[in-house]
Amino acid sequence: MNQDNALNLLLNTLHNEREPSLWVADEHAAAAQHIPVNPVVEAISNRVDVATDLTKRGWHCRFSDLDFRHIEDSSLTTLYFRLAKEKPLVNHVINQASRVLKTGGRLIMSGEKQQGIKNYAKKAGISLAGKAEIKKQGRDYLATITRGPQPAIPLDDSDYHQLRTTQHHGGIDIVSKPGQFGWNKLDSGSVLLAEQFEQLPIERPDTVLDLGCGYGFLSLAAHQQWPDATITATDNNAAALISCQQNFIQQAINGEVIAANCASSITEKQALILCNPPFHQGFSVENNLTEQFVSTAKRLCKPSGCALFVVNAFIPLERIAKNHFRHQKLLLNNGHFKLFKLYD
Ligand SMILES: C[S@@+](CC[C@H](N)C(=O)[O-])C[C@H]1O[C@@H](n2cnc3c(N)ncnc32)[C@H](O)[C@@H]1O
């Protein structure tokens with residue numbers, strides 16, 4: 001069993017389900033080791049690694065940006081969901097639950113108190129025009145919200161599926177959407193990295209990889225700096241990939257946007273790799289992620305190329321990079337972020 005007890009609580013309940021139901025499996029499910037297949041439960045995941053892994057284990061799982069359009073109204077008995085971090089995403093799932101659940105059907109959500117489970121359960125009770133019951137087990141809660149017969153009252157999901165311009169930066173409009181962490185902000189670490197492009201001690205790259213691209217900020221900046229470069233952007237999050245693809249189209253970027261778990265399906269070596277690696281998986285800090293991203297950068301870096309990593313000051317990138325690259329150069333440390341050039 002994994003260490004996410006809220007997820008375990010949900011999975012124990014889901015295991016006993018006997019009617020057609022749906023499990024919304026976001027990134028938390030990546031931590032789960034053994035999830036016995038329940039054939040009456042379909043899964044949907046917005047992380048390509050989670051969807052691929054569940055499919056390999058025998059689950060019927062779709063990878064999408066939590067797109068429920070294939071599910072008929074009032075057709076499901078239960079919808080299972082381990083609470084996610086982002087409010088528009090949670091509200092989107094609750095809104096969809098009210099549409100796809102039968103009257104008397106149940107939305108079962110798990111999470112910790114500080115993750116807002118009690119508040120979400122209360123809001124879901126009102127939204128589903130039903131009643132909410134909540135049980136505590138250790139630090140975790142399991143909330144059961146019954147779908148009432150009255151019309152639903154939708155929650156504010158920030159128009160979940162709608163792409164929109166969220167930033168004007170470097171003279172261009174940047175498009176994004178909910179469903180990815182920091183979807184409507186510029187990441188200060190990435191801005192810092194992009195600001196250094198002009199004075200970087202590197203050759204003009206012909207190929208660039210944006211590793212963990214989000215909505216594509218670093219790809220956009222790289223395209224402005226090196227318009228002739230072919231850019232490959234990759235992420236595991238469906239909302240990020242949709243946003244990034246749209247930014248590639250709007251800026252006519254020569255390249256590709258690829259869904260992959262830490263670039264696992266990419267083999268072509270790159271002259272320049274840009275990375276602001278993740279260190280969270282759901283609500284928890286995941287130390288192995290930095291290691292995974294550095295090791296991928298090493299695998300995909302041309303012998304004459306380099307990787308530029310920007311990380312929060314507390315991430316021990318020096319120690320991690322030593323195991324993979326022969327050389328590392330600290331280009332900048334402003335107390336909040338460190339910027340490294342890694343090369344052989
Ligand atoms: C700190 S954000 C950086 C986003 C973007 N590059 C920027 O600069 O704004 C890290 C990105 O890594 C992605 N990510 C997390 N785990 C991943 C994985 N296993 N494989 C691919 N991408 C992942 C996240 O979805 C997120 O978009």
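Note that ligands are numbered from 1 as they come in the structure, with each ligand's atoms numbered from 1 the same way.
Ion pairing of Asp206 with Lys302 is present here, as a side-chain N (NZ or NE/NH1/NH2) and a carboxylate O approach within less than 4.0 Å. A salt bridge does not link Asp140 to Lys113: none of the charged side-chain nitrogens sits closer than 4.0 Å to a carboxylate oxygen.
Contact annotation: Phe279 has no heavy atom less than 4.0 Å from any atom of ligand 1.
Screening residues 312-341 for salt bridge (Lys or Arg N to Asp or Glu O under 4.0 Å), with sequence neighbours left out, gives Glu318-Lys338.
Side-chain N or O atoms of Ser64 include none that pairs as donor or acceptor with a backbone N or O of Arg62 at under 3.5 Å. Checking side-chain atoms of Thr234 against main-chain N and O of Ile258 turns up a donor-acceptor pair under 3.5 Å.
One option in Cys262, Gly214, Ser176, Ser190 has a heavy atom closer to atom 9 (O) of ligand 1 than any other, and that option is Ser190. Looking at Asn312, Asn236, Val191, it is Asn236 that brings a heavy atom closest to atom 21 (C) of ligand 1.
By the criterion of a heavy-atom distance under 4.0 Å, neither the backbone nor the side chain of Trp183 is placed next to ligand 1. With a 4.0 Å cut-off on non-hydrogen atoms, Asn237 touches ligand 1 through its side chain and not its backbone. At a heavy-atom distance under 4.0 Å, only backbone atoms of Ala260 (N, CA, C or O) approach ligand 1.
For ligand 1, the atoms sitting less than 4.0 Å from at least one non-hydrogen atom of Pro278 are 10 (C), 12 (O), 14 (N), 15 (C), 16 (N), numbered in the order shown with element in parentheses. When each atom of ligand 1 is checked for a heavy atom of Asn276 under 4.0 Å away, the hits are 1 (C), 2 (S), 3 (C), 10 (C). Counting the atoms of ligand 1 from 1 in the order shown, those under 4.0 Å from a heavy atom of Cys213 are 5 (C), 6 (N).
In terms of N/O distances under 3.5 Å, ligand 1 is not approached by Arg47. Close N/O approach between Asp235 and ligand 1 is found [any backbone or side-chain N/O within under 3.5 Å]. The shortest N/O to N/O separation between Gly212 and ligand 1 falls below 3.5 Å.
Counting heavy atoms from C-beta on, the side chains of Phe81 and His28 never come closer than 4.5 Å.
Just one residue in the list Asp210, Asn247, Thr232 forms a side chain to side chain donor-acceptor pair (under 3.5 Å) with Ser219, and that residue is Asp210.
Taking the six-membered ring where the residue is Trp, His161 and His92 present perpendicular rings, their angle passing 60° and hence far from 30°.
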